[in-house]
Structure formats: structure tokens, C-alpha cells
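Data block below; observations after.
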Amino acid sequence: MRNVRTLGLLGTGVIGGGWAARALHFGIDVIAADVKPEMEEWIRGAVANAEPALARLTFAPLPPKGTLSFTTDLKVMAQRADFVQENIPEQLALKQRMLAEVSRYAAPDVIIASSTSGLTPTDLQRDMVAPERFCVAHPFNPVYLLPLVELVGGHKTAQSTIDAAAKFFTYIGMHPLHVRREVPGHLTDRLQEALWREILHLVNDGVATTGELDESIIYGPGLRWAAWARISSITWPAAKAACGTCWRSSAPV
Ligand SMILES: NC(=O)c1ccc[n+]([C@@H]2O[C@H](COP(=O)([O-])OP(=O)(O)OC[C@H]3O[C@@H](n4cnc5c(N)ncnc54)[C@H](O)[C@@H]3O)[C@@H](O)[C@H]2O)c1
């Protein structure tokens, strides 16, 4: 993969704005493309809004900030970008069409990634030119603060694409997680959905209100999950010692 100096964004809403703020902060130029011209003002506002939080993200010395440009012409964006991140609405047919179009204009060594929350890469890369340079790169909102990005390859994705994408995302301060097999919803949103299903059952059965369920997470396991997650919290030695009985019975802690 080429050295990424300019990140191209297709779609500049919530997620496109987050990608822009993060990349600019780490010294990458951004060319953002959206069908709606009014999104230029929106994305500039989103970048400015992220600035105070980003400034507190790391004490490490950083290169000078990148510059942001905007276009409504997808072709201009695709021809100038060294890496393209697509963030348009979650509709398979629309994404397939737009990804195919971007792939006709972007040089074959330009990686094209999708922020899709649930669609699978094999479906998305179906009509692309050089589909081996495509992968899913699923971030979490707000993208400028949350480091996780799930990388998922489809049937035609080259391993070198995943490796190169991971290198780029690491450079802009992210934590790439390679998902071994494509499944709808990738990994993290499936876990979130499982919790959501239980929330709906508990509310439906009158066991708790939504506010009470939020409290049960915010003031309890939510704090611990941020540091140790679900699985490491039951294997960490101190957690085992602290939970004696429940650990021995394998009950959740
Ligand atoms: N919102 C989240 O929390 C979140 C988190 C992770 C991933 N995602 C994924 O990111 C993607 C974008 O979500 P979002 O929340 O930013 O949506 P959004 O509605 O905020 O933004 C979508 C943008 O795409 C633009 N657009 C529509 N058609 C276009 C086209 N043909 N060419 C160029 N631009 C076009 C729209 O004008 C809009 O500005 C989706 O695939 C979603 O699943 C969303």
C-alpha cells in the first residue's frame, strides 16, 4: 500500500466527521465528499467540535495538523486519496453502487474501506474494480475518541489489505481488531445486541425501567468492562481471588 498522506471520505455525516477529526489531528490531509454541499459546513463544525477532546487524547508529540478540503464530486476525491473510507447510509445496494464507482477512479493500490456496521465485505466488494484492496473498517462513535476499528475481509480481500489497513489505523491512534470471519454485525455490535435483547425482555416483563437498567451498567460492570472486558475479568487472578465462591461455581462476576 502507498504511504497515506490524504484520506478520502465518502459521506461526511456523523461517522465521516469523526474520521476527519481523527485523521487531521494525526497530520493526515482529508478530502471529504458528500452529495449534499451543505455538509461542508457541517463537517468543519464537527472537526472544530472534536478539537478540545482530541487535544487531551495524547501527550505524544504529533505532526502538524492535516488540512481539510470538501467536494461534491466523488471522482475528485477518489483520484486524490491514498486511502478511501466510505461512510454513506447503511443500504447494501447504495453502498455497492458507490463503492464500485469509487473503485473505477481510485488507483488500484488505494485501499477502499467501509464503515458499515453490519453489512458483509463479500457483498460490498461484489462489483468493485480490484476488490482485493477492499475491507470493512468498522469504527465506533465518536470515532475521534474511541480507538476500536474492526477489520473484516471478504472472499476477495487480500491479507495484505488487512495488514496495510491495520498499519494506517494504528498510525492514527486506533486499535485494529481483525475479525477472522465475516458475520452480519461483525463482533462488537453482536455483543451489544445481545445485551439490548435482554434489556427489552426485562422492560417488557416489568422487571426494571430503562433508567434502572442503565444505572445497573454505568455504576457497575460498565466501569470494569472498560478495563478488563467480560472475559478477562473472569480470568484475571485478583478477580478470581475477590470472587472466591462465584468463580468456583463459574457464575458471572
Ligand atoms: N452512527 C453510528 O454510530 C455508526 C457507528 C459505526 C458505523 N456506522 C456506519 O457508518 C455509515 C454512516 O453512518 P452515519 O451515522 O455517519 O450516517 P449519516 O446519515 O450521519 O451520514 C451519511 C452521509 O452520507 C451522505 N451520502 C448519502 N448518499 C451519498 C452518496 N451517494 N455519495 C456521497 N455521500 C452520500 C449523506 O448526505 C450523509 O451526509 C453507515 O454504514 C453506518 O452503519 C455508524
Side-chain angles (χ1 to χ4, degrees), residues 7-24 30-50 53 68-81 83-106 110-128 134-152 154 165 169 172-177 179 182-193 195-196:
L7 173 66
L9 297 175
L10 183 69
T12 64
V14 173
I15 296 303
W19 279 119
R22 178 180 277 278
L24 293 166
V30 171
I31 175 159
D34 201 289
V35 277
K36 296 184 189 158
E38 64 268 28
M39 290 310 285
E40 172 163 17
E41 192 183 340
W42 192 92
I43 195 172
R44 290 192 186 279
V47 168
N49 187 48
L68 173 64
S69 51
F70 181 89
T71 177
T72 51
D73 188 343
L74 167 153
K75 183 177 173 185
V76 169
M77 180 278 290
Q79 289 179 337
R80 272 185 44 198
F83 190 114
V84 175
Q85 182 77 29
E86 168 274 307
N87 323 282
I88 62 174
E90 190 78 345
Q91 298 161 21
L92 178 60
L94 174 68
K95 283 192 192 273
Q96 281 173 327
R97 187 157 46 83
M98 301 318 294
L99 287 166
E101 198 171 334
V102 171
S103 74
R104 283 198 287 278
Y105 299 123
V110 169
I111 289 181
I112 301 173
S114 172
S115 294
T116 178
S117 299
L119 302 171
T120 55
T122 296
D123 286 340
L124 291 171
Q125 70 192 162
R126 191 190 66 185
D127 303 326
M128 290 178 67
F134 174 80
C135 68
V136 164
H138 176 232
F140 292 81
N141 186 32
V143 181
Y144 58 91
L145 286 184
L146 299 185
L148 183 63
V149 55
E150 294 177 310
L151 299 183
V152 198
F169 289 122
I172 59 170
M174 302 196 82
H175 181 90
L177 175 64
V179 178
E182 57 182 334
V183 285
H186 325 311
L187 297 183
T188 311
D189 280 351
R190 294 179 74 103
L191 297 179
Q192 296 196 119
E193 278 301 316
L195 189 56
W196 185 236

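Every number for a ligand or one of its atoms is a count from 1 in the order of the listing. Quick note: numbers below take in every heavy atom, side chains included, and nothing from hydrogens, waters or symmetry partners.
- Here's the thing with His138: none of its N/O atoms is less than 3.5 angstrom from an N/O atom of ligand 1.
- Considering backbone and side-chain N/O of Ser117, one or more are found under 3.5 Å from N/O of ligand 1.
- A donor-acceptor contact shorter than 3.5 Å links the side chain of Glu90 to the backbone of Ser117.
- Under 3.5 Å, the side chains of Thr71 and Arg80 contain no donor-acceptor pair of N or O atoms.
- Using modelled atom types, no side-chain atom of Glu182 and backbone atom of Asp123 make a donor-acceptor pair closer than 3.5 Å.
- Among all protein heavy atoms, the one lying closest to atom 32 (N) of ligand 1 is Val35 CG1, 3.7 Å.
- For atom 2 (C) of ligand 1, the closest non-hydrogen atom of the protein is Ile15 CD1, 3.7 Å.
- Close approach of ligand 1 to Asn141 (heavy-atom distance below 4.0 Å) involves ligand atoms 3 (O).
- Close approach of ligand 1 to Ser115 (heavy-atom distance below 4.0 Å) involves ligand atoms 7 (C), 8 (N), 9 (C), 10 (O).
- Distance from atom 6 (C) of ligand 1 to its nearest protein heavy atom, with residue and atom name: Pro139 O, 3.2 Å.
- The protein atom (non-hydrogen) at minimum distance from atom 22 (C) of ligand 1 is Asn87 O, 3.6 Å.
- Taking 4.0 Å as the cut-off, Arg97 does not count as a neighbour of ligand 1 on heavy-atom distance.
- Less than 4.0 angstrom separates atom 43 (O) of ligand 1 from at least one non-hydrogen atom of the protein.
- Atom numbering of ligand 1 starts at 1 in the shown order; those under 4.0 Å from a heavy atom of Leu10 are 32 (N), 33 (C).
- Among all non-hydrogen protein atoms, the one lying nearest atom 20 (O) of ligand 1 is Val14 N, 3.1 Å.
- Exactly one residue among Phe140, Tyr144, Phe169 makes a ring-ring contact (aromatic ring centres under 6.0 Å, His included) with Trp19. That residue is Phe169.
- Considering backbone and side-chain atoms together, Pro89 places no N or O closer than 3.5 Å to any N or O of ligand 1.
- To the nearest 0.5 Å, the span separating CG on Leu119 from CD on Gln91 amounts to 9.5 Å.
- The backbone N or O of Ile88 sits less than 3.5 Å from a side-chain atom of Glu86, completing a donor-acceptor pair.
- For the atom pair CG of Asn87 and CG of Asp34, the computed distance is 9.5 Å after rounding to the nearest 0.5 Å.
- Of the protein's non-hydrogen atoms, Asp34 OD2, 3.2 Å is the one closest to atom 25 (C) of ligand 1.
- Between Arg97 and Glu101 no salt bridge is recorded (no basic side-chain N to carboxylate O distance below 4.0 Å).
- Using a 4.0 Å cut-off to heavy atoms of Lys95, the atoms of ligand 1 that qualify are 40 (C), 41 (O).
- Close approach of ligand 1 to Thr116 (heavy-atom distance below 4.0 Å) involves ligand atoms 41 (O).
- Scanning all protein heavy atoms for the shortest distance to atom 40 (C) of ligand 1 gives Ile88 O, 3.4 Å.
- Put simply, CH2 on Trp196 and CG on Leu191 are 16.0 Å apart, with the number rounded to the nearest 0.5 Å.
- Nearest protein neighbour of atom 21 (O) of ligand 1, counting heavy atoms only, is Gly13 CA, 3.4 Å.
- Rounding to the nearest 0.5 angstrom, the gap separating the CE atom in Met77 from the OG1 atom in Thr72 is 11.5 Å.
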